Amino acid sequence: MSEEDEAAIGSDARRGSGPGGAAEGAADSAAADFIRERIAADQASGKWGGAVRTRFPPEPNGYLHIGHAKSICLNFGVAEEFGGSCNLRFDDTNPVKEDVEYVDSIQDDVRWLGFDWEDRLYFASDYFEQLYEFAERLIRDGKAYVDSLQREQVGEYRGPWNEPGKESPYRDRSAEESLDLFRRMRAGEFEDGEHVLRARIDMTSGNMNLRDPVLYRIRRAHHHRTGDRWCIYPMYDFAHALSDSLEGITHSLCTLEFEDHRPLYDWFLEQLEVDVHSQQIEFARLNVNYTILSKRRLLQLVEDGDVEGWDDPRMPTLRGMRRRGYTPEAIRDFCTRVGITKRKGTVDVGLLEHCQRDHLNRVAPRAMAVLRPLKLVIENYPEDQVEELEAINNPEDPSAGTRKVPFSRELFIEREDFMEDPPKKFFRLAPGREVRLRYAYFVTCREVVKDAAGEIVELRCTYDPETRGGDAPDGRRVKATLHWVSAAHARTAEVRLYDRLFQVEDPSALEDFKQALNPDSVEVLRGCRLEPSLTGHPVGANVQFERQGYFCPDTTSTAEEPVWNRTVSLRDSWARAQKRGG
RNA sequence: UGGGGCGUCGCCAAGUGGUAAGGCUCGAGACUUUGGAUCUCGCAUUCGGGGGUUCGAAUCCUCCCGCCCCAACCA
């Protein structure tokens, strides 16, 4: 979106390079998708005078999710790449479902994702007066009429796919009569549902959208922007096509289910002889396995309390992902890697996770945190001594520098880093075995202390003072390096580990998608110990807990009671090997 | 059943008549003070199927099969 970015948009700067020079890790010069090819062709042929104007047209009836991100990246991305612009337009033609809560959150989410519509914020409702004029014109031209059939009758007359529909007895109403009725509809003289304005197209068309589609319905509902000024509201097809035209949209990109609406879209623009006949192009919407991307169903989860809200970290909403710690860079990278085609498919969440790890690996500072603490006492380490050991903040980024981490006689290590009776390939701590404590010393386990119940409560170890920093002067090697935290200096925190919200790949295929909800989608760990440098870490700021994953403080986190979310775990080849081996 | 689309590796996805890119996943190895990262190597004789055209087809023709969307006064 910046000037530099636009300047950098060469003929093949198709992918990646979102705002802020985002997706560096993404494919460099990948082939353009069919939409970009088409736009490039239009630009080359001089159609539209080389202009490219797109729009992202959400209906403010829910929160944006990862599926919308694909569309946002496409629309804003294409505009940016071709030196055009992208509008943010709310498709707010159905007041009973829409709310300002959503228009606010949507703007916030689009901005967070990294896109800027500058002063081009529009609402279909801003065009209500113009749309009304267009409607009157259609009536005057004999291309639309007021129908007074009952709602159910309209459906019956439309007929089934395989037979032609029946024309409404009101279809031949004179233009004058229809015009009068339509004006009175607007004036509020009729009850909801009493009349409807329909286009006069073709009741025998194989395309149901052309069987005299409804243009306006009477709906006495308070609109979030126009209040009670209107009691008739335009339908999507009519409003959308004309809003696009009014805004001078050159390429109107939408999802596949609108493919057979295109003839209707074109019909409106042709009949009304508008200046700009926008081109609608359809692409496949995004699907991700183990989740659900349906505003209706997501709303249900929220309303039924299956999740904490729209921003629950397990939700595929942009809000939820943001709270969980997902970054705009990763989401944008994901969207470009997924591509744009007309094939419906389902992308593996693994790709999303990979994109997130890829980004965070490069930018997230490292720290040590023990999630399931096991006390480790170094018997030969001085009782009251404390050393400040130097640790690297990010091995992938030398400029991130180093920090000091306190080390003392009593530490905590991860419970799963010790096994009393280790299997063959287990390299971590075990009785009599020596391992390295990261950035500290080599320690050897001398004794395992258990409580009455036989539970391991403490490990007694000895350390080798010669190995300070983590290297043995005699060249001695260890097979494992463990993270740790000094017991006296550690900060206690709650950590939430998230797993997929659903346990089946395609919950929407089920009769009741809720049956597939994963009962273990969140595991709350209390009493976790964090290294002191993490104290007061800002909400949402990502850090890698070494050997474990990427985490960030939750929105509910406070200085007194820190709460961290795991965004995504690190790849764990040990865990995978174990799983594989049964 | 009428209309509109889509079928290339487990998942995405290039390919547009010249002899199957890439990413993710997965497997093997190297390296490693994160069993992370990185690095090497491997992973479709075959493009939903059958015919045909052609010196040559995933790409052209043809027939068939499969899947998705559409009968809201939702978007």
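Computation of the quantities below employed the complete heavy-atom set of this structure, encompassing side-chain atoms and omitting hydrogens, waters and symmetry-equivalent molecules. Since this is a predicted model, take the numbers as computed values, not measurements. Throughout, protein chains are lettered first and strands after them, A, B, ... in sequence-line order, and every chain is numbered starting at 1.
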Hey, is the side chain of A:Thr341 poking within less than 4.0 Å of OP1 or OP2 on B:rA13, counting only N and O atoms?
-> yes
Could you check how far CG of A:Asp572 sits from P of B:rU34, rounded to whole Å?
-> 14 Å
Is any side-chain nitrogen or oxygen of A:Arg366 closer than 4.0 Å to OP1 or OP2 of B:rU34?
-> no
Between A:Ser125 and A:Asp92, is any side-chain donor less than 3.5 angstrom from a side-chain acceptor?
-> yes
Would you say the side chain of A:Gln544 and the base of B:rU34 hold a donor-acceptor pair, judged only by whether the two atoms sit under 3.5 Å apart?
-> yes
Give none if B:rC31 has no partner; otherwise give the nucleotide forming a Watson-Crick or G-U wobble pair with it, both distances under 3.5 Å.
-> none
With B for base contact, S for sugar-phosphate-only contact and - for none (protein heavy atoms under 4.0 Å), nucleotides 70-75 of chain B reads BB-BSB
Could you please spell out the steps behind the salt bridge (charged side-chain N to carboxylate O under 4.0 Å, His left out) verdict for A:Arg171 and A:Asp212?
-> CA-CA 9 Å; A:Arg171 198 176 198 257; A:Asp212 290 11; 2.7 Å; yes
Which nucleotide, in any strand shown, forms a Watson-Crick or G-U wobble pair with B:rG42, with both distances under 3.5 Å?
-> B:rC26
N/O (side chain, A:Arg576) to phosphate O (OP1/OP2, B:rG35) under 4.0 Å | no
Would one find a side-chain N or O of A:Arg357 under 4.0 angstrom from OP1 or OP2 of B:rU34?
-> no
So, is A:His354 close to the B:rC24 phosphate, meaning a side-chain N or O under 4.0 Å from OP1 or OP2?
-> yes
Salt bridge (Lys or Arg N to Asp or Glu O under 4.0 Å) contacts touching residues 148-163 of chain A (sequence neighbours left out) | none
Side-chain donor/acceptor of A:Glu282 to base of B:rG4, under 3.5 Å = no
Pairing partner of B:rC6 (Watson-Crick or G-U wobble, both distances under 3.5 Å) | B:rG66
Examine the base of B:rG35 for any acceptor or donor lying under 3.5 Å from a partner atom in the side chain of A:Arg428, and report the outcome as yes or no.
-> yes
Sequence neighbours left out, what passes ring pair (Phe, Tyr, Trp, His ring centres under 6.0 Å) with A:Phe412? Give chain and number order.
-> none
Is A:Ser573 near enough to B:rG36 that one of its side-chain N or O atoms lies under 4.0 angstrom from OP1 or OP2?
-> yes
Of the listed B:rU1, B:rC68, B:rU34, the closest approach to the A:Pro395 side chain comes from B:rU34
Considering only B:rU34, B:rG35, B:rG15, which nucleotide approaches the side chain of A:Glu37 most closely?
-> B:rG15
For B:rA14, what is the paired nucleotide under Watson-Crick or G-U wobble rules, both distances under 3.5 Å?
-> none
Among B:rA37, B:rG23, B:rG35, find the nucleotide with the atom closest to the side chain of A:Leu351.
-> B:rG23
Which residue pairs satisfy the salt bridge (Lys or Arg N to Asp or Glu O under 4.0 Å) criterion with at least one member in residues 190-201 of chain A, sequence neighbours excluded?
-> A:Asp147-A:Arg198, A:Asp192-A:Arg220
Phosphate OP1/OP2 of B:rC69 contacted by A:Arg285 side-chain N/O (<4.0 Å) | no
A:Asn394 side chain vs A:Arg362 backbone, donor-acceptor pair below 3.5 Å | yes
Among B:rG2, B:rA37, B:rG5, find the nucleotide with the atom closest to the side chain of A:Asn361.
-> B:rA37
Set of residues satisfying salt bridge (Lys or Arg N to Asp or Glu O under 4.0 Å) with respect to A:Arg438, sequence neighbours excluded | A:Glu546
Sequence neighbours excluded, which residues qualify as salt bridge (Lys or Arg N to Asp or Glu O under 4.0 Å) partners of A:Glu259?
-> A:Lys342
